[in-house]
Every structure is written in structure tokens, then in C-alpha cells.
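The block underneath contains the structure these notes are about, expressed in C-alpha cells.
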There are 2 protein chains.
Amino acid sequence: MKKNTMKNRMKDFARKNLTALSLKFEDGKLLLLDQTRLPHEEVWLESFTPEDTISHIQRLAVRGAPLIGVAAALCLAQYAQSGASSEQIKSAAMRLREARPTAVNLMKAIDRMLETSDVTDFSPSALLEKAIEIFDEDVELCEKIATRAAKLIEDGDTILTHCNTGGLATAGVGTALGAIRKAHESRKKIHVYVDETRPLFQGSRLTAWELQKLGIPYTLICDHMAALLMSQGKIQKVFVGADRIARNGDSANKIGTFSIAIAAKYHHIPFYVVAPNTTVDETCLTGKDIPIEERGAEEVRLERSPKDCQVFNPAFDVTPAELITEIIRA
Amino acid sequence: MKKNTMKNRMKDFARKNLTALSLKFEDGKLLLLDQTRLPHEEVWLESFTPEDTISHIQRLAVRGAPLIGVAAALCLAQYAQSGASSEQIKSAAMRLREARPTAVNLMKAIDRMLETSDVTDFSPSALLEKAIEIFDEDVELCEKIATRAAKLIEDGDTILTHCNTGGLATAGVGTALGAIRKAHESRKKIHVYVDETRPLFQGSRLTAWELQKLGIPYTLICDHMAALLMSQGKIQKVFVGADRIARNGDSANKIGTFSIAIAAKYHHIPFYVVAPNTTVDETCLTGKDIPIEERGAEEVRLERSPKDCQVFNPAFDVTPAELITEIIRA
């Protein structure tokens, strides 16, 4: 029995190679694209241990709510395959689960991994199967919501997006940026305004890089320029992703999203959130229940401010449901 | 007569030395603090010719709507004193007037300089007198509006400000930041949230530097974080300056101001504009008549985006009067 399981597991690992824009799982080895080096360098990081993956997640080498869930699950499967004990797996799962506090996809993915077994005995092959299921499911959910959201985009639309919600942020085609890609691929003429997304420039570094690769016309702007563009009639629709959606529809997303939503409301411009169901947290009744990660001062200071000046650096904000035209989810 | 004028002129130059935080006029020589080097270096630039001053203004070594008016006037006075012909003065005035298009203080100061004479013959001493008058008047106007606006600040208030509107931006105590300084000096306990002000970081580089010098407690944030702070009850009032105010009260100010005003309205937070009368343009009926400067792509790109990607970089936006609680002016 034990021998058979091992054989099956080896077969599974040999059989299943997973490939996403910023994640590869090859012969049981987890490879992650270092997103901090984009757009100028494409460096793949090997993740040997849970500590590696936690570090990659915390310094945003791996980011995007759906992707960190998938990466954490595969990391745990790899760890089990390397011979970790059930105790070690459980402990690593808890540390992975807490790597970042806002995106609920991470917690949900880990919880699903832990549910593959009773408390005492994890099966490496069951963990691998579950991780692959989580990967495949994210690909499928992205496909569904991107296709559905793309229908809201009309020929000639100019669209604003914030942060990065594309292939880099998910195992699949992306969420909000996935919709933009689908619209472009169905030959709608569109133009994208890309918020640079301070402090870490996920817009200028990542979304611009993806759009460039896809051949979708775009213009880079600073985050606070959107209101001016809206007042000039230059933005028809806003599409963003989410990191956690409360039961009432309040949606946490990259810091700055809330500001855009208020400006969109003021200008009567539709504001869409595109997110897989793995982003919904039924245990949060409203946005008030969503924990907001605060990150280090040095991300904001950038050597441009007085040394050691005090900084507030929340990584997310919550857009109230009343400002959201529709949440496209599946 | 000619001899007397010359003598008076020399006397005037010898008599009047002007000192502001970022501008000195010493023995007829114009010195300007290079604001692009702050907060880490305090480098004073000599301005020998109108071309020097135009270059300093265009690359924002000298900035702030009131200050560029004052600097341009003193530059012209210095140029006249150096023996420039009336034709040369007129031509330099026109080039200075067009150095930057949005802040009307510049055009108004130049126009006042030109009005010191009929078309054919400029008097260096009259130009100097007028330039000194423009300087002194800015000091006085700042004093008045800052004192008046400071009365709106209550003990315990937490205030949001955008860009730099302090001593660096004017010949005097500043406008919005002047009010904050006055409130602090009258021993009100206040805390300031400073928008970093992308793309050129006037908030993190200049406002933070001034507040640090003045010992006023502050926290640096990215421009799009204000909405979150407002929703958390952390901001009681917003104070900003202006670069041009239309007759109906629509106010152009540093890009990002409009976005803050919309967020303030949404959260029922008072939004104040503090500006001298030299910022009001009676020839603009509404904000639609205010020209908005667009600047180079490299200010936004910062080596963080794909090379040569398309950028939109407006330096200002217009906040409609309906979003402004009060314009404090004199």
C-alpha cells in the first residue's frame, strides 16, 4: 500500500507539469518568476522550501491574490513530496497562510490543502492532487470571468485599470486584465490607461509589460491622474481586481482603488471588479472585517524624502459596494 | 536726469536685499535655491540671464505659482540693470511669460513689469521698484491668507496637504502650508499628512523638508492613500494651494488635487484652497479656460516601465468650485 502510494505519487509528479506566465511546476519543482525584476529582467526563482516561498510572497516577487494561493498550495505539495512529516506540513501551512494578511485566496488555498487529510496524516499525492486542482480551477475561473467581463467592453472603449490583474497575478489569463485581453483578442479596438500603482509600480512594471507583450495599446499615468482623464471624457470604464470581497460586496484591492471608485462615481463611469470566487470571504460581513496589510516605510520613501521620516504605507484599501457597478465573479 | 536715474538705480540695488526661503536678491544678483536637489542638498543657483531663469523655471528648480512670478520679475529687473535694451527686455519678458503655461502669477507679474513703461523705453529703476513691490506684496499676501486660513485649523486637527505650498513656493510664509505653519506657531496641536505628489515628489522632497525644519509632526503617504485615511476618520481638513483660479472659483492646482477634492466631498471633509489674489485669473470664466501643462514622459517612467512606453503627464488638474468649501484669498 505504502509502496503503491509512492509509485502513484512519482507518476503524478512526472505526469503533471504546470505552466503559467509567472509560475512553473516541473517534475515536482516549483519555479516562480521574480516580479520585482520586471519589466527589464525575467529571472526565475527556485522555491525549495516553504521559507523560500514565504519570502518570495512577502517581498512581492510572487504577487497577485489568486497566484499566491496557487503558489502556496504547490509549495506545500512539493514540501510533502520532499518527505516532510505531517507535523512539518501543518506548521509550514500555518506560516504560509500568514505570509500576507489581506488576499484571502492564500488562506483559502491553504485551508483546502489541509482539508485533504485528517489532522494526523497527510498524503503527498492527495496534497499534489489538490494543488493541481487549485491551479486548474484558477485557470478555469479566470477564463470564465474574463470572458464574461470582456462582454462589458465595447469597441472603441478606453479603460482604466489599477495594479496588475493579468497573467502575472493568476495561474490563468488574469481577472480584470484578462477581460481586457479577451476584448482585444475579439478584435475590439480598445485603449488602456495604466495606473503606475505606487508605491511598488505594479502598473508601470507589470501591467505595462503584459500589455506590451500582448500588443494592446496603453498609456501609463500616475495614480492620481485618473480623475482628470475622467473629466475629459477619456475613460469609459474602470476594471480592477480584488484581494478580498466581503459578503456585502465591499472589495479590498490594491491601495488607490477606492480613490478611483469615488472618482468614477462622481463622473458616472462604470466601475467593475473582476475576481474569482476564491477571493470572496463569506466570514467578512463587510469591508470593515477585512484586515489591511501595512508595509515598510522604505517602499514609499525611495530616497526622496527626509531620512527616517514617518510613513503610512497601507497596501490595500476597501471600496464600498455602493461604488461598484458590478462584481464579475465565478 | 539720465545720470540721476542711474545713481538712484544703483542706490536702490545697494539698498534692497531680498531674502526668501528659496530666493535671494543680493546687490542686484538673483540667487535661486535648486529645489530639484532638496531635501538632501541645498544648492543655490545664480541666474545671470533670462535664459537661466527660464531654464530654472522649466525644470522646476524654481517652482510654486507665486514664487515663479516673483523670480521672473526680479530676473527682468536684473536684466535691465545689466544694460539690456528695451527691445531685449520686452523680448525676454515674453519668453519668461511663456516659461510655464498654467500658473497665472507668472503672466501677471510679467505684465505688471511691462506696464511700468510705455512700449518704447523701460526704466531699470522702475522695473526694480516694481519687482520689489511684487516680492513684498507676495510676502504680505501670504501673511494675510495664511493667518486667515490658520483660524480654520483647530487644536487636534489632522490635515492633508498636496504638493508644496510653503516658504519654498512663495516669497513669504506660503499659502496652504503657511496656514499650517501659523496654526502650529499658535500652539495648536496638529498633524499633517503629506501627499508625496507624483511624478516629481514635491511633497516628499519639499513639504516634508519644510515641516521637518519647522518641527511640525507629519506622515508621508502616496497620493492615492488619502481616501483610505478619510474613511478611517484620520483627516479632518484638506488645505491646498492653487496655480490659477477661474472667475467661477474652479481652481487649477498640482495634478492629483481634483482626486482629493472628490474624495473629501464623498467623506464630507472640508476642502480649502489658499491662494493670493495674484492666482486669480478674471479672464478665465471657468476652469475649462485654464491651460493645463503637459510635461515629459520620463518624469513618470522613472526607469520602471517598458522603455519608450506611452505616457500622459499633465502637471495640473482643475478642481470644480462645487468641491471647494472655501477659497481663502487676499
Side-chain angles (χ1 to χ4, degrees), chain A residues 39-40 162 193-199 201 203-205 208-209 211-212 217-231 234 255-263 265-267 287 292 297 299-307 309-314 316-320 323, chain B residues 39-40 162 193-199 201 203-205 208-209 211-212 217-231 234 255-263 265-267 287 292 297 299-307 309-314 316-320 323:
Chain A
H40 300 307
H162 190 66
Y193 279 99
V194 177
D195 273 348
E196 63 177 8
T197 316
R198 280 284 287 148
F201 298 103
S204 34
R205 294 190 303 103
W209 180 81
L211 290 171
Q212 198 116 331
Y218 71 94
T219 302
L220 181 64
I221 58 170
C222 296
D223 301 304
H224 55 16
M225 292 175 180
L228 173 64
L229 286 165
M230 290 176 183
S231 74
K234 284 185 186 157
I255 185 73
T257 305
F258 180 24
S259 201
I260 301 166
I262 301 172
K265 185 78 163 186
Y266 181 76
H267 290 98
I292 299 291
E299 289 181 355
V300 174
R301 285 198 201 115
L302 274 182
E303 291 168 27
R304 284 195 176 77
S305 55
K307 213 172 152 277
C309 78
Q310 192 181 313
V311 166
F312 177 54
N313 183 19
F316 303 92
D317 56 25
V318 176
T319 300
L323 298 177
Chain B
H40 301 306
H162 190 65
Y193 278 99
V194 176
D195 273 348
E196 63 176 8
T197 315
R198 280 283 289 149
F201 297 103
S204 35
R205 294 190 304 103
W209 180 81
L211 290 171
Q212 198 115 331
Y218 71 93
T219 302
L220 180 65
I221 57 170
C222 296
D223 300 304
H224 54 17
M225 291 174 182
L228 173 65
L229 286 165
M230 290 176 183
S231 74
K234 285 185 185 157
I255 184 73
T257 306
F258 180 26
S259 199
I260 301 167
I262 301 172
K265 185 77 162 188
Y266 181 76
H267 290 98
I292 299 292
E299 290 182 355
V300 175
R301 283 198 204 117
L302 275 183
E303 293 170 23
R304 284 196 175 77
S305 54
K307 213 172 154 276
C309 78
Q310 192 180 315
V311 167
F312 178 54
N313 183 17
F316 303 93
D317 56 26
V318 176
T319 300
L323 297 178

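Convention: sequence-line order gives letters A, B, ...; per-chain numbering from 1.
- A side-chain donor-acceptor contact under 3.5 Å links B/Arg198 to the backbone of B/Val300.
- Interface remark: A/Phe201 contributes side-chain atoms only to the contact with chain B (heavy atom separation under 4.5 Å).
- The choice from B/Gln212, B/Met230, B/His40, B/Glu196 that makes the most heavy-atom pairs within less than 4.5 Å of chain A is B/Glu196.
- At a 4.5 Å heavy-atom cutoff, the contact between B/Leu229 and chain A is made by side-chain atoms alone.
- Taking chain B as the reference chain and counting heavy-atom pairs below 4.5 Å, the highest number among A/Ser259, A/Pro39, A/Pro306 is found for A/Pro306.
- Considering OG1 of B/Thr257 and CG of B/Leu323, their distance stands at 11.5 Å, rounded to 0.5 Å.
- With a 4.5 Å cut-off on non-hydrogen atoms, B/Pro320 touches chain A through its side chain but not through its backbone.
- Highest contact tally toward chain B, considering only A/Arg301, A/Arg205, A/Glu299, is held by A/Arg205 [criterion: heavy-atom pairs under 4.5 Å].
- With rounding to the nearest 0.5 Å, the separation of OG1 in B/Thr219 from CD in A/Gln310 is 3.5 Å.
- Heavy atoms of B/Tyr218 lying under 4.5 Å from chain A belong to its backbone as well as its side chain.
- By number of non-hydrogen pairs under 4.5 angstrom with chain B, the leading residue of A/Leu302, A/Leu228, A/Ile292, A/Asp317 is A/Leu228.
- Taking the six-membered ring for Trp and the full ring otherwise, B/His162 and B/Phe316 have centroids separated by 6.0 Å or more.
- Looking at B/Ile260, there are no atoms closer than 4.5 Å to chain A (heavy atoms on both sides), in backbone or side chain.
- Counting only heavy atoms from C-beta outward, the side chains of B/Val194 and B/Ile221 never approach each other to under 4.5 Å.
- Annotation: maximal heavy-atom pairing with chain B below 4.5 Å, among A/Ala226, A/Gly256, A/Gly203, occurs at A/Gly256.
- Counting heavy atoms from C-beta on, the side chains of B/Ile262 and B/Phe258 come closer than 4.5 Å.
- Looking at B/Lys307, the atoms closer than 4.5 Å to chain A (heavy atoms on both sides) all sit in the backbone: N, CA, C or O.
- In this structure, B/Phe312 and A/Leu220 have side chains that are not in contact, with every pair of non-hydrogen atoms separated by 4.5 Å or more.
- Per-residue counts of heavy-atom pairs under 4.5 Å with chain A were compared for B/Thr319, B/Ile255, B/Asp195; the largest is that of B/Ile255.
- If you take CH2 on B/Trp209 and OG on B/Ser204, they are separated by 14.5 Å, rounding to the nearest 0.5 Å.
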